[in-house]
Amino acid sequence: WPVLVVSPSSARFHWEAEFLQWLPDEEYLPRDGVLVITSERVAATTAVDRAKVLVTSYDLVHREAVRKTLTRVAPNVIICDE
């Protein structure tokens with residue numbers, strides 16, 4: 001942890017649902033451990049710090065605020081979907 005998933009915008013919430021379906025153990029991956037970054041909300045520092053999985057889109061990953069956040073988080077695993 002943390003894991004960063006970069007996907008097409010339309011697949012962001014699908015990734016969230018799959019993590020929660022396949023890793024349902026609250027102690028292993030709390031529900032607030034998966035954070036989807038949207039254009040309306042660049043994640044607050046506390047939410048990002050709690051997250052084990054960050055999901056964003058290719059469009060958003062280029063935005064300065066998102067880049068700074070992801071650089072600070074320094075994910076150990078990056079998954080690029082398509």
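Because the structure is predicted, anything quoted here is derived from the model rather than measured.
Annotation: side chain of W1 is in contact with side chain of V53 (closest heavy-atom distance under 4.5 Å). Two residues are said to be in side-chain contact when any heavy atoms from C-beta on lie closer than 4.5 Å; V3 and V5 meet this criterion. Residues I37 and V55 form no side-chain contact, since every pair of their non-hydrogen atoms from C-beta on lies 4.5 Å or further apart. Within the 4.5 Å cutoff, the side chain of L70 has heavy atoms near those of the L54 side chain. At a threshold of 4.5 Å between non-hydrogen side-chain atoms, the residues D49 and R72 count as touching.
The side chain to side chain contact (heavy atoms under 4.5 Å, CB included) test applied to I78 returns L4, P75, C80, not counting sequence neighbours. Take R67 and apply the side chain to side chain contact (heavy atoms under 4.5 Å, CB included) test, not counting sequence neighbours, and it matches E64.
Screening residues 15-27 for side-chain hydrogen bond (donor to acceptor under 3.5 Å, both in side chains) gives W15-D81, E18-W22 as the qualifying pairs, with residues at least two apart or on separate chains. Listed by first and then second residue, the salt bridge (Lys or Arg N to Asp or Glu O under 4.0 Å) pairs that reach into residues 28-38 are D32-R50, sequence neighbours excluded.
Shortest non-hydrogen contact noted between L60 and T38 is CD1-C, 3.6 Å. Contact detail for S7 and R12: the closest heavy-atom pair is OG-N, 3.6 Å. Here the shortest heavy-atom pairing between V34 and L20 reads CG2-CD2, 3.9 Å. Considering all non-hydrogen atoms of both residues, P8 and S57 come closest at C-CB, 4.3 Å. The two residues L23 and Y28 have their closest heavy-atom pair at CD2-CE2, 4.0 Å.
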